[in-house]
Novice: 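Questions regarding the structure given below will be posed in turn.
Throughout, residue positions are numbered sequentially from 1 according to the sequence presented.
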Amino acid sequence: MKQTTSLEQAHVQAEHIFRDLFPAHGFAVRPAQIKLCHEMLDAMFLNRVALCDAGVGIGKTYAYLAAGLLWQKYRPRGVPMILTVSTSSVALQDAIIKEYIPFLSEVLQGDGILDSPIRAIIRKGRERYACDLRLAMRQAAVMGSERVNSQRRAALSALDRNIDLDKTSGLSGFDRAQVCVPATCSVRCPIYHGCRYQKHLTAAKSDEFHIQICNHNYLLADAMHRQRELRPLLKDYRILIVDEAHKLAEAARQMYGDTLAFSEILDLCTALKKEHCAAAGRRLYASAAALAKALQQETDPLEQKSGQRPYCWTQRLERAVTETIALLKKAARLTKAHSQGTACGLERAAEILSLFSGQHSDRIRYIQAKQDGEFALCAIHRDTPALLARDLWRAGKPAILTSGTLAAGGSFARVRQQLGLETNDRCREFTAPSPFDYQRNCLLYMPGELSDESADKVSGRLRQLLLAAHGHALVLFTSYTQMSEVCQKLKGTLPFPLLEAWRGNQQAVAQFKALPCAVLCAAGPYWEGIDFPGDMVSLLVIVRLPFPTPDPVREVEREEYPSLHEYISASILPEMQVKLRQGVGRAIRTETDTCAVAILDSRAARGQRYHTAVRKQLPPCPLTSDITEVQRFIRARKSPDYFM
């Protein structure tokens, strides 16, 4: 009799979990989810890198967690069993810990697949935890002060019970900075051996936990530590799972780049004053101010308002940079003996600023400006994909990279290029389409033309759509300026509440969920990561196709292509398609949801330049250019209560 292999046993158990156990707990059988889990199991056992594009509603989180747990059970003898799950959002990390793992633990233990509960831990940077010593000092400073309100005092007191700053509501940004674990944590600290943060680190690296969860930045920081033969941040692991993998390239640009904000230099000047080096602080301040002035004078006034602008080297800038570097290094030597933290900060600032010395560089250098007048000098590696290939994939560990928007137009070419996987022969691709019935439950509306895309024209067409759908709408903009102009035109003209979600304004989202038939206008981060199931979003409007805005990094990338057409096809168009799919993913969130999706950008209309590219990225559904069809669709799909 043929003896089954460990991989075959794992595949059999996967079928049992999703075809028998999950349906017994109210879950639908989703063949695409089962295929996805099998693909992930193959990658884990056969040492592959699997790129898995999973449509909305597939249940990819359960797929990779089940695959990981089965791999742990049937893995080859002697192989470490640790799984690392990396995500982009804190919300997903919390959901894995509080929802997905407890449910899987109960179901798999109840069936005898697992002998003990699943133990998992979230790993985060030290700046997200409270230092007991700094917390005690801050509490002593504010608890008796009449200027500190009760909410701040309560937040600081709550840290006595839990040092996780992310789990403490009401904590101000200033207090957070005052009590977090510092960059250097010395054994000479008087409470080092009783410190709760050190105990947390010890527990995190024990055998108690078999799944460690982190964000992409922490994953990359650990990889960089290992590459430099420094102490790893994560416990040694065998399997890597990267969820929300479409955000990994962006995280890599941050982690492999260097940024120095002007405010950081000013903070160092203040620190020097506290360290009784006031004269050195004054000289550094004067030099930094001269550098800031030189940067402004060497930049076109129009570019200064654009957010990001290239760093254009001149001899004048070189003199200002060189002088500031010299003062930073001198101040570091002055403070090294009695303030290691300040000295490290000064040395780091000098090291980053040195990247802006010299006419030529192997970095992409630019200036990041903010609305409050603050700016930062940024230096990005020209070949971030090569660094990712070296630090993550060359180790040869099995990896699962998954997202709902990993492929663009049915192709993984762009994501493979961004993540250093173009020539990786271990890489496999898999697409799991959404199980939702878009043919019946979704209608795509594209106007025949919208030749005038002014605020007047857009608001007029939008008003027609909102009345046709009786509100219940999410309107996504690519520009806050356009959003503001259109909302001004719409105010007072609609029989439904009109809300505007500006960056970081979660209150507008909460109001939208609470109000019947409301309209939410949003931009920026609201294209993804928010969930509006049911009738809440029955009309999704995309005002303009979300093409990426030009920036210094993209300008450098453009030079690598023989023509503008090839650059747009290989880089810009796939990024637009991914962002578009993220936005459209807000429309239908469950099997019973129904929604009309309107794209007002005339470039997406039938016969226009980007119509085919747009259709390839969206689920198959009926298309109309007649706004009365939208009204008929809504009236046919919604119950009478919807219109109350």
Side-chain angles (χ1 to χ4, degrees), residues 442-503 505-527 530-546 583-584 586-589 593-602 604 624-644:
C442 184
L443 174 70
L444 179 59
Y445 167 78
M446 294 179 180
E449 62 174 308
L450 199 64
S451 55
D452 177 7
E453 296 186 356
S454 64
D456 283 327
K457 188 73 173 180
V458 170
S459 61
R461 185 60 59 93
L462 192 52
R463 187 181 300 108
Q464 290 178 296
L465 283 164
L466 295 172
L467 292 172
H470 202 75
H472 302 84
L474 173 63
V475 186
L476 293 174
F477 292 82
T478 57
S479 158
Y480 281 111
T481 301
Q482 187 188 31
M483 184 178 92
S484 177
E485 292 172 352
V486 171
C487 286
Q488 281 298 115
K489 300 287 184 183
L490 287 174
K491 283 178 181 175
T493 69
L494 296 170
F496 339 103
L498 178 66
L499 305 169
E500 299 174 53
W502 295 84
R503 189 179 297 275
N505 182 12
Q506 290 299 318
Q507 185 178 1
V509 175
Q511 286 180 309
F512 176 68
K513 289 183 175 182
L515 291 169
C517 63
V519 176
L520 178 67
C521 293
Y526 299 100
W527 280 72
I530 50 175
D531 194 23
F532 299 122
D535 288 336
M536 223 177 301
V537 173
S538 296
L539 170 67
L540 175 76
V541 183
I542 291 174
V543 177
R544 285 183 64 81
L545 294 177
V584 173
R586 303 311 99 210
I588 292 182
R589 306 299 297 174
D593 287 357
T594 56
C595 185
V597 176
I599 300 178
L600 302 187
D601 195 321
S602 58
T624 184
S625 58
D626 185 354
I627 206 164
T628 60
E629 288 292 327
V630 175
Q631 186 175 39
R632 278 197 286 268
F633 173 84
I634 293 293
R635 291 193 176 278
R637 298 298 189 280
K638 303 298 180 180
S639 67
D641 291 344
Y642 175 91
F643 302 96
M644 298 293 289

Novice: Is Y445 reaching over with its side chain to a backbone N or O of L600, donor-acceptor style, under 3.5 angstrom?
Specialist: no
Novice: Side chains of V475 and V543: does their closest heavy-atom pair fall under 4.5 Å?
Specialist: yes
Novice: If we count only N and O atoms by modelled type, under 3.5 Å, do the side chains of T628 and D626 hold a donor and an acceptor together?
Specialist: yes
Novice: Report yes if some heavy atom in the side chain of C521 is under 4.5 Å from a heavy atom in the side chain of Y526; otherwise report no.
Specialist: no
Novice: Counting distance only, does the side-chain N/O of K638 pair as donor-acceptor with the main-chain N or O of T594 below 3.5 Å?
Specialist: yes
Novice: Do the non-hydrogen side-chain atoms of I588 and C442 ever get within less than 4.5 Å of each other?
Specialist: yes
Novice: Atom CD in E629, atom CG in L444: separation rounded to 0.5 Å?
Specialist: 13.0 Å
Novice: Measure across A468 and V630 and return the closest heavy-atom pair with its distance rounded to 0.1 Å.
Specialist: CB-CG1, 4.4 Å
Novice: Of all the heavy-atom pairs spanning L465 and L539, show the shortest one and how long it is.
Specialist: O-CD2, 3.6 Å
Novice: Quick one: NZ on K489 to OG on S454, what's the gap to the nearest 0.5 Å?
Specialist: 8.0 Å
Novice: Looking at every heavy atom in both L540 and G583, which two are closest together, and how far apart are they?
Specialist: CD2-O, 3.3 Å
Novice: Quick check: F532 with F512 (ring centres under 6.0 Å apart)?
Specialist: yes
Novice: Distance from L520 atom CG to R586 atom CZ, nearest 0.5 Å?
Specialist: 12.5 Å
Novice: Identify the two heavy atoms, one from T478 and one from P546, that lie closest to each other, and give their separation to 0.1 Å.
Specialist: CG2-CA, 3.6 Å
Novice: Looking at every heavy atom in both A604 and I599, which two are closest together, and how far apart are they?
Specialist: CB-CG2, 3.9 Å
Novice: Do the side chains of M446 and S625 get nearer than 4.5 Å, heavy atoms only?
Specialist: no
Novice: First locate atom CD of Q482, then atom SG of C487, and finally report the distance between them rounded to the nearest 0.5 Å.
Specialist: 10.0 Å
Novice: Return yes if some donor-acceptor pair links the side-chain N/O of R637 with the main-chain N/O of C595 below 3.5 Å, else return no.
Specialist: no
Novice: Report yes or no: is the cationic atom of R635 (NZ for Lys, CZ for Arg) closer than 6.0 Å to the six-membered ring centre of F643, at no more than 45° off its axis?
Specialist: yes
Novice: Does the T493 side chain pair with the main chain of L490, one donor and one acceptor, at a distance under 3.5 Å?
Specialist: yes
Novice: Could you state the interatomic distance from CZ (R632) to CD1 (I627), rounded to the nearest 0.5 Å?
Specialist: 12.0 Å
Novice: Give the minimum heavy-atom separation between A508 and L499, together with the two atoms involved.
Specialist: O-CD1, 3.7 Å
Novice: Is the gap between the ring centers of F496 and H470 under 6.0 Å?
Specialist: yes
Novice: Just so I know, are the side chains of I542 and W527 near enough to count as touching, which here means a heavy-atom distance under 4.5 Å?
Specialist: yes
Novice: Out of curiosity, L474 CG to I530 CD1, how far, rounded to the nearest 0.5 Å?
Specialist: 5.5 Å
